[in-house]
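Chain letters run A, B, ... following the sequence lines, proteins first and then strands; every chain starts at 1.
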Amino acid sequence: MCRPALDGSRGGSPHSAFFLEVFMHAYRTHTCGQLRKEAVGQHVRLSGWVHRRRDHGGLLFIDLRDHYGVTQCVVEPDSPAFAEADKCRSEWVITVTGPVVARTAETVNRELPTGEVEVRIEEVTIQSVAQELPLPVFGELDYPEDVRLKYRFLDLRRDRLHRNITLRSKVISSIRRRMIEQGFTEFQTPILTASSPEGARDFLVPSRLHPGKFYALPQAPQQFKQLIMVAGFDRYFQIAPCFRDEDARADRSPGEFYQLDLEMSFVTQEDVFAAVEPVLHGVFEEFSAGRAVNALPFPRIPYEESMLKYGVDKPDLRNPIVIADVSDVFSRKDVEFKAFKDKTVRAIPAPGAGAQPRSFFDRLNDWAKSEMGATGLGYVVFESEGGKLAGKGPIAKFLPADSLALLAERANLVGGDALFFSADAKKDRAAALAGQARIRLGKELGLTQEGRFEFCWIVDFPMYEWNEEEKKIDFSHNPFSMPNFDRTKFLALDPNDRDTILGIKAFQYDIVCNGVELSSGAIRNHDPDVMLKAFEIAGYSREVTEAKFSGMLNAFRYGAPPHGGTAPGIDRIVMLIAGEDNLREVTMFPMNQQAEDLMMGAPGEVSQRQLRELHIRIVQPEKG
RNA sequence: GGGGGCGUAGCUCAGUUGGUUAGAGUGUCGGCCUGUCACGCCGAAGGUCGCGGGUUCGAGCCCCGUCGCUCCCGCCA
């Protein structure tokens, strides 16, 4: 086509096209996002993808796109480049050469940073052609997830995803800079490690050298980072890949994800908060694009309080609704509503909901029954009648005036407001339904404020919980957390003293933003005796604990500093900042919900030879 | 493992109570068009209605099964 002659056979003055070609970069002198009015008159070369072509017969426009932007290029039929340019279709990769010209006032495109100029095509080189696209790059339409994932390289060309992934990179580099500025040091930890008995399901990697033995991919570098503290490195961080073989959710990638993993020595819980808060606050402010971030220090909310007031351990504080316990009101002798007697009853205020139609209340009731497995969601609508509050709705008739007034006071409601009730014999279930109802009400009544970030710490998690199915005590969260309990008394605990044990809090905390759990952390248990006792309570004999955690227990017997840390989820941070509600929108090459990589074909079958080397034989599950 | 939603042209979707040859937009191909920027106009090609079975004179539509995608529950120290 129109390649520059490199043998010098065509002579030319310094002003000839030939001179410019020879001294011009083979692919580009500028990017597609670079040219402005100041460049008018320059002879330039651009390379990129054909974003869009507009054929006017007598005039052909090609919008050329690369990572940096879009530049309009134009060619007329009498140009020697027209025939070649006319062949170009969407997503072909081409190189164009020609002068930058100013657009006339009427033809300037204000939407485009390069919209004041265009490149008049004198020469086109087709670098790569494209078949008809399974997924158009141009436009903002939504496409099926499987097509997007199979042709991820096309999806990634699209503006929104391209920007999200670029944003992710910027967020990570900002985090890294802020951590280093705070005196943290980045270290790598192994990817092939040992399976650990607690927590999620492991991904296993068979060992070739050791028949019948397996590595596991780390669920998190938990033990390693504690060992780094024992090794005296004081402040560690890592953008750490974590692998868990559990089912996916919109906010939980299948298989793998990244954490800002960090650990510090000689710290209290407040020291960890003080180290993490400015990093998160700083990075969210940096990329907030006008959205407010709540001020430091972030509120600390005890777990019990969160479960009462918000019905979840990850409250969305953009939602002003606060749940109240009203069990006592329904236990009063003058309240004859049998369905709520002797149950935990939580009241969810719905300010302004009195104006909603009957269908609004019915819909919530249906939702509670069908999706939450509840018997229903009772409600009362408050109305002002001559300066006094009157109750309306199906259960209002069971509530005498003074009980009604008490409810309104507890829920801080006035006429025109409504109050929903979540009741269950089990406190946890009443709280959970109330929590979900709070979220729905906040959204449907428009009370949850968009466009802001509300962080909080949830603190004082219980160390243990009762496993009803197996009738035993389990760790409720991280087994390596330090119990917030007198050491001597802890070591002397009777493992059957269930009431005392279930009341023990741990130095364990989550950080939550807008109802999304960003991280879980703890002050660690660095005392081997306390650790053995803690595991004994959860049903692990000393021998088992010694065997399973020998590496760490041993280390703690050679001088271990008190230490603690946390690990905010990188993907979720980027998701929040990008304003997306699915992790796949901020992950370059995600797997689908069934943990398959549709582009690369993973997981895939392997050869018999590979299996033999690994001493593995496949046993297919029986179909039935 | 369980529940909900979806599956119709390359892509996004419509398709009435079960009734003639399954439509639109976009993309593709062809024609026209010198200032568009979602260019416009005319025309054409493009369909195993996810797959299998059933009911029916007749199924995109109803029933059963199955597969795929997705959201949720379980699970996620």
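The phosphate of B/G68 has neither OP1 nor OP2 within less than 4.0 Å of any side-chain N or O from A/N592. A close approach under 4.0 Å does not occur between any side-chain nitrogen or oxygen of A/R158 and OP1 or OP2 of B/C11. Between A/Q593 and B/C69, a side-chain N or O to OP1/OP2 separation shorter than 4.0 Å is absent. For A/Q594 and B/G68, the shortest distance from a side-chain N or O to OP1 or OP2 is not below 4.0 Å.
The aromatic rings of A/Y509 and A/W457 sit perpendicular to each other, their planes meeting at more than 60°, with 30° as the lower class boundary.
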Report the secondary structure of RNA chain B in dot-bracket form, marking unpaired bases with a dot and bases paired to a different strand with |, and treating Watson-Crick or G-U pairs with both distances under 3.5 Å as paired.
-> (((((((..((((.....[...)))).(((((.......))))).....(((((..]....))))))))))))....
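Using a 4.0 Å heavy-atom criterion, one finds that A/D581 contacts no nucleic acid atom at all. Within 4.0 Å of A/L133, counting heavy atoms only, lie sugar-phosphate atoms of the nucleic acid but no base atom. No contact: A/V137 has no heavy atom under 4.0 Å from any strand. No contact: A/R148 has no heavy atom under 4.0 Å from any strand. Using a 4.0 Å heavy-atom cutoff across all strands shown, A/R120 reaches at least one base atom of the nucleic acid. Base engagement by A/P479 is indicated by at least one non-hydrogen atom pair under 4.0 Å involving a base atom. Contacts of A/F475 with the nucleic acid, taken as non-hydrogen atoms under 4.0 Å apart, involve only primed sugar atoms and P, OP1 or OP2.
Each side-chain hydrogen bond (donor to acceptor under 3.5 Å, both in side chains) pair with one or both residues in residues 105-114 of chain A, not counting sequence neighbours, appears once here: A/T104-A/T107. Residue pairs meeting the salt bridge (charged side-chain N to carboxylate O under 4.0 Å, His left out) criterion with at least one partner in residues 68-82 of chain A, sequence neighbours excluded, are A/E76-A/R120. Screening residues 241-250 of chain A for salt bridge (charged side-chain N to carboxylate O under 4.0 Å, His left out) gives A/R201-A/E246 as the qualifying pairs, with residues at least two apart or on separate chains. Among pairs with a residue in residues 537-554 of chain A, those fulfilling salt bridge (charged side-chain N to carboxylate O under 4.0 Å, His left out) read A/E546-A/R557, at least two apart in sequence or across chains.
B/C13 sits 22 Å from B/U17 when the P atoms are compared, rounded to a whole Å. Rounded to a whole angstrom, the distance from the C1' atom of B/G47 to that of B/G10 is 12 Å. A gap of 22 Å separates the P atoms of B/C37 and B/G43, to the nearest Å. A gap of 7 Å separates the C1' atoms of B/G68 and B/G50, to the nearest Å. Atom name C1', nucleotides B/A59 and B/G19: the rounded distance is 10 Å, in whole Å. Comparing B/G15 with B/G25, their C1' atoms are spaced 15 Å from each other, to the whole Å. Nucleotides B/C39 and B/U70, compared at atom C1', are 37 Å apart to the nearest Å. B/A45 and B/A22: their P atoms are spaced 14 Å apart (whole Å).
For the residue pair A/N478 and A/Q508, no side-chain donor N or O sits within less than 3.5 Å of a side-chain acceptor on the partner. If you check the side chains of A/D510 and A/S520, you find a donor sitting under 3.5 Å from an acceptor. At a cut-off of 3.5 Å, with distance as the only test, a side-chain donor of A/S195 or A/D202 sits close to an acceptor on the other residue. Under 3.5 Å, the side chains of A/H67 and A/H162 contain a donor-acceptor pair of N or O atoms. No side-chain donor from either of A/T71 and A/E118 sits under 3.5 Å from a side-chain acceptor of the other. Donor-acceptor pairing under 3.5 Å is lacking for the side chains of A/E536 and A/S541.
Scanning for side-chain hydrogen bond (donor to acceptor under 3.5 Å, both in side chains) contacts around A/D251 gives an empty result, with sequence neighbours left out. Contacts of A/N484 classified as side-chain hydrogen bond (donor to acceptor under 3.5 Å, both in side chains), with partners at least two apart in sequence or in another chain: none. Shown here are the ring-ring contact (aromatic ring centres under 6.0 Å, His included) partners of A/F237, two or more places apart in sequence or in another chain: there are none.
Here B/U70 presents its C1' atom at 13 Å from CD of A/E585, a figure rounded to the nearest Å. Here B/C75 presents its C1' atom at 13 Å from CG of A/N467, a figure rounded to the nearest Å. In this structure, the CE atom of A/M591 is 16 Å from the C1' atom of B/C69, given to the nearest Å. To the nearest angstrom, C1' of B/C39 lies 11 Å from CD of A/Q72. Atom-to-atom, NZ of A/K150 to P of B/G68 comes out at 15 Å; the value is rounded to the nearest Å. If you measure from atom CG of A/D78 to atom P of B/U34, you get 12 Å, rounded to the nearest angstrom. Between the CD atom of A/Q219 and the C1' atom of B/C75 there is a distance of 12 Å, rounded to whole Å. When the C1' atom of B/U70 is taken as reference, atom CG of A/D247 falls 14 Å away, rounded to whole Å.
The base of B/C37 lies outside donor-acceptor range of the side chain of A/R110, with no N or O pair under 3.5 Å. Judged by distance alone with a 3.5 Å cut-off, no donor-acceptor contact links the side chain of A/E91 to the base of B/G27. Donor-acceptor pairing under 3.5 Å, judged by distance alone, is absent between the side chain of A/D146 and the base of B/C69.
Within residues 47-57 of chain A, the residues having any heavy atom under 4.0 Å from RNA chain B are, by residue number, A/R52, A/R54, A/D55, A/H56, A/G57. Near RNA chain B, meaning a heavy atom under 4.0 Å away, the residues from residues 249-264 of chain A are A/R249, A/A250, A/R252.
Checking A/E118 against A/Q222, the closest nucleotide of RNA chain B that is more toward the 5' end is the one next to A/E118.
The side chain to side chain contact (heavy atoms under 4.5 Å, CB included) test with A/I94 singles out one residue from A/L46, A/I121, A/I126, and that residue is A/I126.
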Hey, what are the protein-to-nucleotides 12-14 of chain B N/O distances that come in under 3.5 Å?
| from | atom 1 | to | atom 2 | distance (Å) |
| --- | --- | --- | --- | --- |
| B/U12 | OP1 | A/P144 | N | 3.3 |

Run the side-chain donor-acceptor check on residues 54-65 of chain A: report pairs under 3.5 Å with partners two or more places apart or on a different chain.
| from | atom 1 | to | atom 2 | distance (Å) |
| --- | --- | --- | --- | --- |
| A/R54 | NH1 | A/D63 | OD2 | 2.9 |
| A/R54 | NH2 | A/D63 | OD1 | 3.0 |
| A/R54 | NH2 | A/D63 | OD2 | 3.4 |
| A/R54 | NH2 | A/Q72 | OE1 | 2.9 |
| A/D55 | OD1 | A/G57 | N | 2.8 |
| A/D55 | OD2 | A/R53 | NH2 | 3.4 |
| A/R65 | NH1 | A/H51 | ND1 | 2.9 |
| A/R65 | NH1 | A/E91 | OE2 | 3.0 |
| A/R65 | NH2 | A/E91 | OE1 | 2.9 |

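Geometric assessment of A/R52 against the ring of A/F138 yields a positive cation-pi assignment under the 6.0 Å and 45° thresholds.
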